[in-house]
Visitor: 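Next up is a structure, given as structure tokens.
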Amino acid sequence: MHSLVEPNAWVALKMPAGNLRVLEIAPNTTISLGKYGSFPSNLIIHRPYHLTYELQDKQAPETFNRLRIVPASELYSDILSSGEVSSSTGEATPVSEDAENAVPTGIEYSLVDPDSGAVVATTNRAELDASARQTLTMEEIEELKKDGTDSGKDLIAKLMLSHTAIEQKTQYSLAKYKLLKTKKYIRRFSVLPLDVALLDHWLVEEKDPTRVMDMREEMIGLLGCWANVHFGGEERCKTDVLTTGGQDEVEQEHGQDQEEQEPEQSTGRWLVVDDTGGLLVAAMAERMGVLYQSEKDKAIEAQRKARLSKQRPHEPGSQPTAATDGQSDPAIKPAVGQVESEIKVEIEDQDPTRPQSPETNKKQYNGEGRQRWNDLHVPFSQTNTLTLIHANSQPNLSTLRYYDFDITNPSQGQTHPLAKHLMTLSWLQLLEPQLDSTYNSELPTATPDELKTWKGTKRGTYHRKRRRWAKVRHTIDSTRQGEFSGLVVASSMDPVSIMRHTVPLLAGGAPIAIYSPSVEPLTKLADCYSVARRAAWVAHPPEEAIGKSIEELEQWAGTDEFPLNPSLVLGASIQTSRVRKWQVLPGRTHPVMTSRGGAEGYVFTAWRVKPAEGKVEARGKARPKKRKAEEVDQVGQDGTGS
Amino acid sequence: MSSISPFLDSGLVTTPDTLALVHLSRDNIQPVYLREGSGSVDGYAEGAVINTRFGSFPHSTLINKPWGSQIRASIVDTGSRGRKKKVEAEDNDTEGTGAGSGAGAGAGPAKDLKTASSGFIHLLPPTPELWTTSLPHRTQVVYTPDYSYILHRIRARPGMHIIEAGAGSGSFTHASVRAVYNGHPRTTEDRRGKVWSFEFNEERYHKMKQEIEGHRLDELVQMTHRDVYNDGFLVDGQSPEAECVFLDLPAPWRALPHLARRKPTPSQLASGGLDCLGGSDSEWKSPLRADRTVYLCTFSPCIEQVTKTVEIMRRLGWMDIETVEVAHRRINVVREKIGLNMPTERGVNQVPGSVAEALRKLKEVECRSKEFHSQDQDTDTDTKINEDEEALNEAGQGTEDAPMAKPWTAGRLVHRTEAELKTHTSYLTFAILPQEWSEEQEAAAFEKWPCGKENKVIGSLDKEARKQEKREMLQGKKRKKPQNDASADAEDAGAGPALKRSKAT
């Protein structure tokens with residue numbers, strides 16, 4: 001994450017009432033905060049996050065409102081002074097229920113902003129009818145709001161002064177009243193980075209919780225931990241392999257590049273099923289360190305965009321695709337005209353994965369980034385990857401747009417880390433790849449001479465097709481080979497059906513974490529791995545399973561009695577977690593009064609295991625109580641010791 | 001390859017001298033450091049052996065196996081060894097196996113291992129979650145529901161530096177290493193994710209250090225034996241430059257003054273009842289990273305600790321202070337077997353599962369009693385009763401056989417919360433400290449991004465503004481089209497005809 005607000009970054013503006021406004025901060029625009037006023041976006045660009053700003057009144061020659069950073073001491077002055085009063089008077093801080101009885105002194109100075117004229121409030125036991133006590137009329141308040149002087153503090157002070165019953169309010173109701181009015185009228189806000197935690201908070205609390213399956217932060221945390229998702233090793237791209245010799249190349253042509261590589265290559269790969277519009281993918285990518293573009297990459301990307309937009313006006317007649325194609329021609333031509341291995345070696349020398357000097361950068365990004373490679377080069381890393389399986393022909397990853405990544409746009413550069421670390425394939429491509437048209441098709445090939453005769457657009461399509469073919473081929477083949485390091489699921493589909501097809505793809509010991517907004521799908525899944533069923537699988541295996549090898553049983557198709565092979569998964573359990581917020585104020589500490597309901601959210605966790613060959617007898621009886629077990633152990637020890 | 005901790009990359013198979021976790025049951029997971037070696041260890045001819053209540057497992061049977069493998073118990077002589085050495089066997093619940101080979105076992109070299117007739121375990125690769133379940137308790141442990149939420153909230157991401165004070169049993173340490181890990185530093189300049197862990201108790205510190213080295217995490221975790229209340233967070237005068245802080249201390253407010261960007265003023269501290277810090281302002285070195293927001297979490301079981309901590313946080317300028325508690329429940333899934341035709345098991349209620357079933361049973365009882373009493377009566381009623389009984393049997397047949405089929409599919413699937421609940425672990429108080437922003441920096445930024453030339457309004461617009469925007473957008477489109485077109489008179493005509501004409505030409 002960046003230290004400062006970058007131009008065109010997605011941020012959230014937190015308003016005084018605690019609600020969030022999510023915005024893309026375009027430079028040279030005016031950001032409107034509705035009734036609170038507006039200010040130029042340039043005033044928050046290249047400023048730090050999390051500062052609290054206050055909208056200032058317009059100064060004469062300027063046409064815009066400047067911002068003032070509100071220091072923490074000012075933000076907390078009310079709370080801290082109220083704490084002091086109660087401690088300085090030597091009384092124990094009264095509890096809120098007793099407050100009305102416990103204030104015989106009559107006068108409290110505590111809750112008033114010292115700048116805006118001290119409002120003296122006496123406490124009284126009189127019943128309050130708060131709605132009828134405000135003497136300022138609606139029109140007057142509107143008028144004051146329009147004046148907008150002193151960031152609303154003026155208005156709040158006037159409101160409190162003109163409240164006829166202010167003297168009858170207790171310390172606490174007065175504080176509440178002021179807080180309420182402050183939230184409503186103070187012109188303050190802060191700028192927060194839109195990371196996954198905040199994005200999730202916004203989506204769940206304000207936007208549309210059902211679209212992200214009510215997945216609260218607790219659940220994201222649990223999923224990531226139980227699935228052991230973390231940085232999965234340094235990026236290793238195909239380039240490392242290419243240097244080993246010509247043989248690889250031939251294999252790469254056929255898309256079977258993985259097989260002869262050592263097994264260690266495949267660590268740090270996670271399998272994801274995500275029906276939350278990409279939120280889960282974003283959360284996992286964040287844990288793996290591939291969600292945010294580094295500052296360097298972002299600068300390169302910006303340069304590229306700037307150059308593209310500059311060049312377009314020069315060629316007004318041609319279409320954008322033609323423009324980029326023309327640009328990339330120098331990069332493609334050698335690949336076309338020469339033997340492919342040569343260009344690879346050439347590229348190897350330049351070490352293009354990690355641009356070292358600005359000069360090489362220029363060279364690459366002139367050629368649109370991706371096109372510096374041979375068409376059949378697989379752009380994906382070998383480690384630290386996410387593989388998403390989706391139910392529709394295209395994945396829904398709309399949430400990733402907040403992180404400047406758009407999977408549907410193949411022409412976006414390779415600078416975004418997700419471009420190298422996120423692979424997607426549909427269930428059809430995973431389970432019956434022979435039916436997938438791209439996978440099943442032959443690699444389009446054309447001789448260099450043919451290519452030369454083609455038009456730019458046709459040649460562009462040809463290369464795009466070849467690149468797509470290589471990508472799809474690689475994704476499907478590497479996924480079907482399995483040995484994934486973990487499985488994370490948040491899907492509206494039946495988890496039993498997901499497990500049937502994904503468990504065989506996991507490496508031994510790989511953790512599984514499945515989220516569901518309601519518990520029923522998960523109880524059904526957990527029941528497939530119940531003790532009774534596991535025991536029955538070993539003791540009285542179903543007819544269909546008899547005589548089959550372990551490998552065959554991994555592909556267990558499922559029966560009514562055994563929907564899943566229960567011996568492949570260990571430690572199935574379900575949990576749920578919910579945080580409860582507390583209000584912490586001097587003498588007024590208690591849990592908050594209301595919070596959001598809706599789906600509770602549950603997480604199923606387990607590990608993929610490899611059963612031993614043949615029949616395995618369990619030993620001993622399951623002992624229900626721990627204490628009992630210890631006693632028995634004690635007896636055993638005494639027996640041998642003496 | 002072997003320098004990477006098994007917690008971060010376990011590989012695909014078990015290797016010697018790494019940590020493996022032996023899964024016995026959900027809450028009984030045993031950590032084992034796998035040792036290779038043919039000589040006898042601890043009196044075992046087989047080398048190192050672990051004994052569980054599911055049998056004995058020589059390490060040689062556990063090494064070089066794919067993770068997750070189910071391993072059968074071996075026949076190991078545990079009995080005679082205990083007598084010879086006069087040391088107590090750890091756990092001797094291996095009656096069957098001991099008897100099998102007890103007589104002949106001597107100190108013979110690596111003998112062929114025989115598989116026991118029963119007993120097995122599963123081998124799992126180490127993860128912070130499994131480690132948390134299995135670790136030796138030294139203090140209150142920060143469990144997975146808490147630390148997963150904390151790490152998410154304090155934005156512990158790959159590449160971050162995190163301060164952890166009060167290492168305790170080390171569960172949070174392991175979880176945070178995994179969160180911040182993004183490779184081992186190649187040079188001293190190479191800044192990679194790191195955990196700066198502080199522990200006051202000397203014994204715990206040494207145990208932790210040993211553990212961290214055993215788990216090959218010593219490059220990523222900087223252990224320091226320190227009283228952070230008085231001595232702060234600098235290590236050898238160097239700042240950890242942390243972005244995330246986790247305080248699991250009895251009095252977090254006493255550590256907070258050290259976690260400031262600038263030396264706290266005496267008035268800030270005095271009003272909170274804290275002593276002044278030593279050293280002059282110019283000597284002050286902040287343990288926090290200067291150019292990032294710092295996220296903090298404190299972990300305190302009592303609300304009094306929280307109120308005190310929050311007060312000091314407010315005085316020291318921490319923002320967005322929020323206190324929460326995490327309520328976590330584990331759910332047990334069971335099959336509730338209610339009904340008269342359920343198999344008789346322990347704990348199964350033989351009560352009717354529905355009114356119909358109850359009715360049938362009552363009728364049955366009624367019939368029998370009638371039968372009993374009507375033995376002397378005439379045959380009229382007798383046949384009637386028989387008819388009734390037949391009808392009963394017919395009705396009952398359908399429901400009786402089906403659930404009997406398989407005991408693991410019988411009954412209704414229900415879930416309930418586990419028997420023992422952790423209803424309160426601790427209060428988590430989160431806060432952030434934004435980076436400092438000086439007048440000069442602000443002036444420079446204003447210079448670079450001058451205001452007053454705004455061309456568009458974004459954010460929340462009122463209805464009028466939105467309408468205006470739409471109008472402008474439509475107009476813009478109108479203007480664009482004719483520009484591309486050669487004919488100049490298109491601008492005079494309406495949008496519809498103009499479009500048509502441009503297409504035609």
Side-chain angles (χ1 to χ4, degrees), chain A residues 3 23 28-32 34 40 42 45-46 48-51 64 72 76 197 217-218 221-222 225 228 230-231 234 263 267 289 508-509 519 523 526-527 532-533 536 561 570-571 574-582 584 589 607-612 616-617 619-620 633 636-637 640-641, chain B residues 9 12 26 53-54 66-70 72 82 88-89 91-93 118-120 122 124-125 127 144-145 148-149 152 158 178 181-183 291-293 307 310 314 317 323-331 333 406 408 413 415 432 434-435 437 445 449 451 453-454 456-461:
Chain A
S3 67
L23 278 179
N28 295 318
T29 52
T30 300
I31 297 174
S32 163
N42 284 11
I45 290 173
H46 275 195
Y49 283 106
H50 293 113
L51 295 177
F64 54 90
Y76 293 129
E217 287 175 75
E218 301 91 294
L222 280 176
C225 279
N228 196 23
H230 62 276
F231 174 75
E234 304 278 336
T267 54
V519 75
T523 55
D527 185 55
R533 214 182 287 254
E561 278 171 31
L570 181 72
I574 302 176
Q575 53 185 311
T576 178
S577 172
R578 189 185 262 275
V579 300
R580 183 189 208 188
K581 269 188 210 169
W582 282 63
V584 182
T589 299
W607 289 276
R608 161 81 156 101
V609 290
K610 306 218 156 185
V616 184
E617 291 273 345
R619 181 182 301 189
D633 288 349
Q637 266 182 15
T640 49
Chain B
D9 185 357
L12 291 174
R26 190 172 75 172
R53 61 188 172 95
F54 301 119
W67 287 112
S69 289
Q70 187 180 35
R72 283 195 178 82
E88 288 199 320
D91 177 355
N92 226 335
D93 198 12
S118 70
F120 63 85
H122 284 96
L124 292 176
T127 65
T144 307
S148 64
Y149 184 69
H152 182 74
R178 175 182 63 184
Y181 169 70
N182 68 339
D291 62 348
R292 290 285 189 283
T293 300
T307 46
V310 169
R314 287 187 178 129
T323 300
V324 303
E325 56 175 337
V326 178
H328 175 254
R329 290 181 295 135
R330 292 200 302 186
I331 310 280
V333 177
K406 299 292 174 206
W408 60 90
L413 197 59
H415 70 276
I432 56 166
Q435 52 180 297
W437 195 244
W449 296 96
C451 299
K453 285 181 283 181
E454 287 70 39
K456 215 179 118 190
V457 179
I458 56 173
S460 71
L461 306 169

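To find a chain, count down the sequence lines: A is the first, B the second, and so on, and within it residues start at 1.
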Visitor: Under the side-chain contact (heavy atoms from CB on, under 4.5 Å) criterion, do B:R178 and A:C225 qualify, and how do the steps go?
Guide: CA-CA 9 Å; B:R178 175 182 63 184; A:C225 279; 3.2 Å; yes
Visitor: What option among A:A536, A:A72, A:P48 has the most heavy-atom pairs under 4.5 Å with chain B?
Guide: A:P48
Visitor: Do you know which two heavy atoms are closest between A:Y76 and B:R314, and how far apart they sit?
Guide: CD1-O, 3.4 Å
Visitor: Where does A:V584 contact chain B at under 4.5 Å (heavy atoms): side chain, backbone, both or neither?
Guide: both
Visitor: About how many Å separate CD1 of A:I31 and CD1 of B:I458, when rounded to the nearest 0.5 Å?
Guide: 4.5 Å
Visitor: Please classify the contact of B:V310 with chain A as side chain, backbone, both or neither, using a heavy-atom distance under 4.5 Å.
Guide: side chain
Visitor: Looking only at heavy atoms and a cut-off of under 4.5 Å, which of A:G571, A:A526, A:P611 has the most pairs with chain B?
Guide: A:P611
Visitor: In terms of ring plane angle, is the pair B:Y181 and A:H230 parallel, tilted or perpendicular, where the classes change at 30° and 60°?
Guide: tilted
Visitor: So what's closer than 4.5 Å to chain B heavy atoms on A:T576: side chain, backbone, both or neither?
Guide: both
Visitor: Which atoms of B:R329 are under 4.5 Å from chain A, going by heavy atoms: the side chain, the backbone, both sets, or neither?
Guide: both
Visitor: Under a 4.5 Å heavy-atom cutoff, which of B:G317, B:C451, B:P434, B:P125 has the most pairs with chain A?
Guide: B:C451
Visitor: Just how far is it from atom NE2 of B:H152 to atom CG of A:L222, taken to the nearest 0.5 Å?
Guide: 10.5 Å
Visitor: How long is the straight-line distance from CZ of A:R578 back to NE2 of B:H328, given to the nearest 0.5 Å?
Guide: 14.0 Å
Visitor: Contact part of A:R608 toward chain B, heavy-atom cut-off under 4.5 Å: side chain, backbone, both or neither?
Guide: backbone
Visitor: Please flag which part of B:R26 lies under 4.5 Å from any non-hydrogen atom of chain A: side chain, backbone, both or neither.
Guide: side chain
Visitor: Considering only heavy atoms from C-beta outward, does the side chain of B:Q435 approach that of A:S3 to under 4.5 Å?
Guide: yes
Visitor: Please round to the nearest 0.5 Å and tell me the distance separating atom NE2 of B:H122 and atom NZ of A:K610.
Guide: 12.0 Å
Visitor: Do B:V324 and A:W582 come within less than 4.5 Å of each other through their side chains, counting heavy atoms only?
Guide: no
Visitor: Roughly how far, to the nearest 0.5 Å, is CH2 of B:W449 from NE2 of A:H46?
Guide: 5.5 Å
Visitor: Taking it one step at a time, do B:V333 and A:I574 satisfy side-chain contact (heavy atoms from CB on, under 4.5 Å)?
Guide: CA-CA 8 Å; B:V333 177; A:I574 302 176; 3.6 Å; yes
Visitor: If I take atom CZ from residue B:R292 and atom OH from residue A:Y49, how far apart are they, to the nearest 0.5 angstrom?
Guide: 10.0 Å
Visitor: Under a plain distance cut-off of 3.5 Å, with no hydrogens placed, do B:T293 and A:H50 share a side-chain donor-acceptor pair?
Guide: yes
Visitor: In terms of heavy-atom pairs under 4.5 Å with chain A, which of B:I432, B:L413, B:L124 leads?
Guide: B:L413
Visitor: Locate the shortest heavy-atom distance separating A:L51 from B:W437; write the atom from each residue and the value.
Guide: CD1-CB, 4.1 Å
